[in-house]
Each structure stands twice: as structure tokens, then as C-alpha cells.
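All remarks here apply to the structure that follows.
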Amino acid sequence: MGRGMTKSLFEGGVFDLGGRQAAKAAPELVERDEEHFAAIAQALEGAVADLTERLDATRRQAGGTGQGAMDRDLEVHRLTTRLRTLRRYGLDLCLGHMVAQDDPVPTYVGRLGLTDRSGRRLLIDWRSPAAEPFFGATHARPMGLVSRRRYRWVAGRITDYWDEVFTPDGLAGHEAALDDQSAFIASLGSSRSPRMRDVLGTIQADQDAIIRAGSRGALVVDGGPGTGKTVVALHRTAYLLYADPRLGHRRGGVLFVGPHEPYLAYVADVLPSLGEEGVQTCTLRDLVPEGSSARPEDDPAVAALKASADMVRAIEPAVRLWEEAPTEPMLVETPWAEVVLSAEDWAEAFDAPAPGTPHNEARDDVWEALVAIIADQHDAAEVTQDDVRRALARNADLVDAFTRAWPVVEATELVGDLWSVPAYLRRCAPWLEPEDVRRLQRSDPQAWTLSDLPLLDAARQRLGDPDLSRQRRRREAALAAAREEMDHVVDHLVATDDSEMMVMSMLRVDDLQEALVDQDVLPRPSPDALAGPFAHIVVDEAQELTDAEWQMLLLRCPSRSLTIVGDRAQARHGFGETWVERLTRVGLPHVELASLSINYRTPAEVMAEAEPVIRAALPDANVPTSVRSTGVPVQRGPVSDLGDVVETWLADHAEGIACVITTQRVPTVPDSPRVRVLTPELAKGLEFDLVVLVEPDTFGEGIEGAVDRYVAMTRATQQLVVLT
């Protein structure tokens, strides 16, 4: 069972308070908690047993088809997720408790809600409205609380806890445990690990207010380094999935977009620890198959041209040029007649697909419209439309004309043609200057760059899967064959039925025959899990997105419900406008802004050095105020000291993570899993106990260089060393 749930552990008590915390172990301070944890342990044991039994029973159910199969799979996923969370945490599901002015009985807050068999509420879910005061109460706004207690858990035992009181009469019984804000400050000073630490129990009031904000429209969370933007983004994701039924997995769910792979690896444990394992996470590269091998654009002028939303909009006319109906009549011969297919007939067929149908998927609609037009010119008594369809499929002239007029088009071919056929690019993007058209041409049109990805994505969305129609035809053929085989079986069963009521004759009912066909053995297209649409999208480090890249996200979010997290001062290519101006331009007219201004992560000693770096390039940068000091000054030295600096730190610190941030080849650093070497760009969004900057003056010039130096310096949570 969970880390805190074995009987032997609980019999020794949940609290493990020694040394300086011994006074907190006084019975009058912890007895009520111990009694409550005993009830939680018993309820958890029963909940795990019940969930295990229900999960086994659900898995034994017949899979079925259609909605029934989907409902069964969703229930298996739901039960599995909750069971895994209970087993993962055990008693340390509990974050703490709060006491309200109108009720002396503490309310315990947990990662999940929990009741005992009698229905008594033992834990309320941290995302529920009732739990809001636990995170949001402050001395200026106590939200009806008398006191609040937060626990520190280590290996299923409480090694420390902190009480806060909000009223003068709340001091009684708390004197030994009072240490206002220490739970939070202690968590900031603890060592980092390769994965983001669990910080749910120390969410601050300013962060919690944003986490619980509504989901309509676009919410921008703007804040400088260390303000907890990523913490807010992740916990808001879990909160919205719990609190807003419009965002559930049945309605598209939530997509979480991070800046790069090291970031996604760093935060990978957070959402599962909050009981949300169904959230799709990705980078912008992951949205397009070519993203994994795409390289940066060499020419900044080319990158700027492709960064505009206008270039993405050029995909529509580029596709339309592959949908031109023939303007000359055509004689079509079938075994039963000769039919003239006029230009008007072609135009009618080309108008058949419903608006928004992707090009490649619409081919079947156009072909079926042609079949119907030609079949209408036959004697229905003599020949069926299916007969005509089979005959036309063998008519090489018609098939060839149709393929030329509405071909299957690959996204890579379409975008590659823009970069290799100047006349094609001029027709699709007539606003480009001749010099721009020339600049965008390249010798290898499919040597993809990061700037190409939005266009490839728009083309793939507009064109659709080129294999889909073939897969659909294979499925329909397999289904027809299965029905034909089922007809033979039913005919045999009916013919040999000697029952008095002729029960087998019921098998001739169409719905029943359809149910008898095994849908699971039929070929199915593989959906793209990142294609959307999603009910809500959360994007971190959003200040880096170009207008073209924003189109990739908006294509997947028709609801325009987004959480946008970023810092204009950390935009490598500059961000001179406001968030509202930027987002309105890209297609988000309804924007609300929330700001975080307190730097919880970066020590004041580091920020004192980092602030002048960014203000030299951006005088109005939103630099947050640090709330903690380590007493460790920023250290400087020559690059030759790198090995000694890291080795000394490793020897002095048994825990924690160090990072060497550089754009240069560096001398060998100590081989340790606790030491990483990253560029400034790949360090964005991460945090480390020790940060060593190697030759920061080589990070670049202008805004890009200043931002890279600022970002790199503010990754440090304990110590910063600058080597030149």
C-alpha cells in the first residue's frame, strides 16, 4: 500500500518530531491529528480494496463496441488513476488542516477527497471551493479562518509542521508550533532534484487566486523569474479538470505546452501527483512530425517573414490551387451509356464537400458527387448507382482527370513547393515583395526549419490525412465482406432452425446483424493525439511564440479557452507591445491579465546581480522582488576554475542539482547525475541549487543576449558562480 499506510508505521504514530521540533510533539498539539490519521488510514485501506474490486469487475466486463466500449475504457482509466494516487501517497495525501471561526472541528485538506464508510468527510479535495481558504487566507484577508496547519511529509511521516493563526484568540494551543510562513520558506530553501518538487501544500494566496480563476477566454499569467508561473500553470490544469465539467476528457480535455523537452521531463511528475494522468503534454515541435529534426532558421530575415500569421494564411490559397474543376466537357463511357460530364457538372461535384472538410478527405465526397451525377443519367431500372460506381472506378480517363483536378497532396510537398516555385509563392502570398520571394527560396525545399513548422502544421490540418480515404475504403470493404459473410451464416441458421417459434428468423433484423459484426477486427485509422480539438490549452513560456506559432495552438482550441503563462522581459526576440495587443493580433480578442510580482525562488543576492543585466536592455522590465536571502554572494572567477567549483560544491552538498549554463564547449565537468550542462535556451523554465555561467558575454548581443544572461542567472535557488 502507500508510503504512509502500513499498520506497523501507523502504530508508531504519524509524527516523527525530534531535536528542535520536540516541543511540537506535545500531546495537546498532535493528539487530534493522530486520531484523524487513524481514521484516514482505515478509510484508505477500505477505499483501496473497494477500488481494486471495482476495477477487476470492470475489466472483466465485455468490451462491447461504440459508446459502450468508450464508457468502459474511461471507467477503467478513472479507477486506475485514483487507485494509483492512493497507493502512491497513503496518509500523506493530507496537506494540512484549517479551523474556521464558526466551527472548532478542523477541516483536513487532501490531494483527493476521502470519506469513511459512514459518509464522514475525512479529507476535502484541494480543488474544491471548501478548500480555498487553506491556500488563499492571509492575515489581511483570513477568509473566516482562526488557524491553519501545514505538514512536511518525509517517507510517510510528518517530520515538521507549521501553524498560522489569524485571530488574537487563535493563539491558544499553538504557541509551540507558531512559525508564520516557515512551511513555505523552508520548502524554498530545500535542495532541488531532477523533477519538480511537490509544492501543493505551500501554494501561496496570490498563486491560488490565479489557479482557481475561471476558464472562459484567455487568461494571461504574467510574472518574472521565480514567481511560480509554472507551479500555477500545472496546478491550474489539475484544478480546471476537476472544477469545470466543460473541460473534461470527453469534451477534448486539456493540452499542456512547454518550451522544450528538458522542461517537460522536469515537470513530468506534477500532474500525476495531482491525480491527473490524462493530460497531453508536448512542445510546439511535437505538434508536427517534422519537428523532431527541424533546425533553427539561419537567416533572421527569413525567420521574420515566416513568423507572421499572414504566411500561415497563405496555406489556404495554396491548397485551393489544387482544387480546380475542369472547364471543358468530358465524354464518359460506361457499359450502359455515354454521358457528357459538363463544366457545370464538375463545378457541382467540387462544391459537394461540407465547409471545413480537409482537402484529402473531401476527395471521396467529390468522387461520390461525380458518381451520382453520372448515375442520374442512366436508367435506374436498368442499373444501380453501385453498378455505376464500380464501372467508373475502372474508367482510366475519368480517374486520371479527377486525380489531376483534385489530387492527393502531402503537406510536405505543398510547403516545399512554396520554397522552390517562386510563381506559386507569389500567387499564394501576393503581399510579398520580389526580394522576399527570392529570399524564401532554397535549394533543398524540404530541409525543414523551426520556422517552417507552423506552415507544415496548417497545411496538414487543411489537407487532412492522405491515407484516410484509403483507410476508409478498406474499412468499408471489410465491413461489407463481414456483412456478406454474416448474411450467409444467418441464412444457414434460419434454414436449419426447427424451433417452434423460429427464433433464428430474428437474426434478419438489420440492427441485430450489425451488432453481430465484430467491429474490433476492422481496420481503423490511428488518430493523432495532439491534433485536437482541445477544450483548454495551457502554454508556458508563451512570450517566445511567434504569431505563426500561435496559429498552431488556436487551430487546436476552437473554444479560445487558454491559460497563457510568460514574462515579456524573458522574450529572447523582444516583446515591445502589451499582452493584449499581441494576443488580439493573433486572434484572441478576450484577454484577462493576472500578475505575479514576488520572486519566491531566486535569492536576493542573485537578483541584485541579475536585475541590472536585463534593465540595461529593457529598462521597464517587470523584475520581481525576492523574499529570501541565502547570505551567499555571487562568486566570480576564471573558466579554468570550473572543475574545482563543481567538485567542491558536490563534496559540500550531499543533495541538490548543479547546472553549467554555456554556449561554448567547456572543459570536462565532474561526471555526476547531479550535474547538467545546458544552453541558456534549454535552461528556461528550470531551477538548480548551483548555477555556473561560463562566458556569459558570449551568449549574444542586444535583447537576445541580455535575456539569455538574465534567464540563466535566475535559475539559481542557492548559489550563482560566473566564470569568464
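Numbering of residues begins at 1 and proceeds along the displayed sequence. Computed from a predicted structure; not experimentally measured.
The heavy-atom pair separating P133 from L145 by the smallest distance is O-CD1, 3.5 Å. Nearest heavy-atom pair, A43 versus D116, reported as atom, atom and distance to 0.1 Å: CB-CA, 4.2 Å. Closest non-hydrogen pair, A610 versus Y710, comes out as O-CD1, 3.6 Å. Closest approach of A233 to V538, counting heavy atoms only: CB-CG1, 3.9 Å. Contact between I657 and P673 at its shortest, heavy atoms only, is CD1-O, 4.5 Å. When all heavy atoms of A23 and L29 are compared, the pair lying nearest together is O-CD1, 3.7 Å.
Residues passing the side-chain hydrogen bond (donor to acceptor under 3.5 Å, both in side chains) test with Q280, sequence neighbours excluded: none. For R121, there are no salt bridge (Lys or Arg N to Asp or Glu O under 4.0 Å) partners at least two apart in sequence or on another chain. Not a single side-chain hydrogen bond (donor to acceptor under 3.5 Å, both in side chains) links R32 to another residue, sequence neighbours left out. The salt bridge (Lys or Arg N to Asp or Glu O under 4.0 Å) check on D206 picks up nothing, with sequence neighbours excluded. By the salt bridge (Lys or Arg N to Asp or Glu O under 4.0 Å) test, E132 is found to be paired with no residue, residues two or more places apart in sequence or in another chain being considered. Residues that satisfy the ring pair (Phe, Tyr, Trp, His ring centres under 6.0 Å) test with H653, not counting sequence neighbours, are W649. The side-chain contact (heavy atoms from CB on, under 4.5 Å) test applied to R568 returns D222, F575, W579, not counting sequence neighbours. For D540, the side-chain hydrogen bond (donor to acceptor under 3.5 Å, both in side chains) criterion is met by T230, Y263, not counting sequence neighbours. With sequence neighbours excluded, the residues that form a side-chain hydrogen bond (donor to acceptor under 3.5 Å, both in side chains) with E611 are R615. Shown here are the salt bridge (Lys or Arg N to Asp or Glu O under 4.0 Å) partners of R285, two or more places apart in sequence or in another chain: there are none.
The line from CD1 of I537 to CG of L562 is 5.5 Å long, rounded to the nearest 0.5 Å. Taken to the nearest 0.5 Å, the CG atom of L287 stands 4.5 Å off from the CZ atom of R556. Interatomic distance, CG of L86 versus CZ of R84, reported as 11.5 Å (0.5 Å rounding). Taken from CH2 in W126 to SG in C94, the straight-line distance is 15.0 Å, to the nearest 0.5 Å. Atom CG of residue L93 and atom CG of residue L122 lie 11.5 Å apart, to the nearest 0.5 angstrom. Atom CZ of R59 is separated from atom CZ of R54 by 13.5 Å, given to the nearest 0.5 angstrom.
Checking side-chain atoms of S672 against main-chain N and O of R674 turns up a donor-acceptor pair under 3.5 Å. At least one donor-acceptor pair closer than 3.5 Å links the side chain of R236 to the backbone N or O of I210. Checked by atom type and distance alone, the side chain of T281 never pairs as donor or acceptor with a backbone atom of F256 at under 3.5 Å. The main-chain N or O of P225 is found under 3.5 Å from a side-chain atom of N599 such that the two form a donor-acceptor pair. Looking only at distances, no side-chain donor or acceptor of H590 sits under 3.5 Å from a matching main-chain atom of A218. At distances below 3.5 Å, not a single donor-acceptor pair connects side-chain atoms of H97 with backbone N or O atoms of P106. Remark: side-chain polar atoms of E164 are not paired, donor with acceptor, to backbone N or O of R148 under 3.5 angstrom. Judged by distance alone, with hydrogens and angles left aside, the side-chain atoms of E45 form no donor-acceptor pair with the main-chain N or O of Q42 at under 3.5 Å. The closest donor-acceptor contact from the side chain of S626 to the backbone of T602 lies under 3.5 Å. Counting only distance, with no hydrogens or angles, the side chain of R601 and the backbone of T714 share a donor-acceptor pair below 3.5 Å.
The local environment of CD in E544 is crowded, with over 12 non-hydrogen atoms from other residues, nucleotides or ligands closer than 6.0 Å.
Remark: the E687 side chain and the Y266 side chain contain an N/O donor-acceptor pair separated by less than 3.5 Å. Judged by distance alone, the side chains of T630 and Q719 never bring a donor and an acceptor atom under 3.5 Å apart. No side-chain donor-acceptor contact under 3.5 Å links S128 and D125. Defined by atom type and a distance below 3.5 Å, a donor-acceptor pair is present between the side-chain atoms of H536 and T563. Judged purely by distance below 3.5 Å, without hydrogens or angles, the side chains of S147 and D163 never pair a donor atom with an acceptor atom.
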- request: Could you please spell out the steps behind the side-chain hydrogen bond (donor to acceptor under 3.5 Å, both in side chains) verdict for D16 and T159?
  value: CA-CA 5 Å; D16 184 13; T159 59; over 6 Å; no
E605 and S629: side-chain hydrogen bond (donor to acceptor under 3.5 Å, both in side chains), yes or no, with the steps?
CA-CA 7 Å; E605 292 84 356; S629 173; 2.4 Å; yes
Exercise for the section: Take R82 and D50 through the salt bridge (Lys or Arg N to Asp or Glu O under 4.0 Å) test and state the conclusion after the steps. Expected result: CA-CA 11 Å; R82 185 170 177 86; D50 290 346; over 6 Å; no
query: Taking it one step at a time, do I564 and Q543 satisfy side-chain contact (heavy atoms from CB on, under 4.5 Å)?
result: CA-CA 9 Å; I564 297 162; Q543 74 278 352; over 6 Å; no
Going through the checks in order, is the side-chain contact (heavy atoms from CB on, under 4.5 Å) test met by I40 and L123?
CA-CA 8 Å; I40 291 175; L123 291 174; 3.9 Å; yes
key: Worked verdict on V279 versus L241 for side-chain contact (heavy atoms from CB on, under 4.5 Å)   = CA-CA 9 Å; V279 177; L241 283 169; 3.4 Å; yes
Given the rule in the side-chain contact (heavy atoms from CB on, under 4.5 Å) test, do L690 and C659 qualify, once you have shown the distances and angles that lead to the verdict? CA-CA 6 Å; L690 168 69; C659 185; over 6 Å; no
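Remark: K24 qualifies as a cation-pi partner of Y161 under the 6.0 Å distance and 45° angle criteria applied to the six-membered ring. Annotation: cation-pi pair R141/F166 absent, no NZ/CZ under 6.0 Å from the ring centroid and within 45° of its normal.
With ring centers used as reference points, F135 lies 6.0 Å or more from Y239.
Legend: salt bridge (Lys or Arg N to Asp or Glu O under 4.0 Å) pairs involving residues 208-220, not counting sequence neighbours, sorted by first then second residue: D208-R212. Legend: side-chain hydrogen bond (donor to acceptor under 3.5 Å, both in side chains) pairs involving residues 98-110, not counting sequence neighbours, sorted by first then second residue: D33-Y108.
Side-chain contact between V660 and R676: absent, with no pair of heavy atoms (C-beta onward) separated by less than 4.5 Å. Looking only at side-chain heavy atoms (C-beta outward), L79 and T52 stay at 4.5 Å or farther from each other. Taking the side chain as every heavy atom from C-beta outward, I614 and V623 approach each other to under 4.5 Å.
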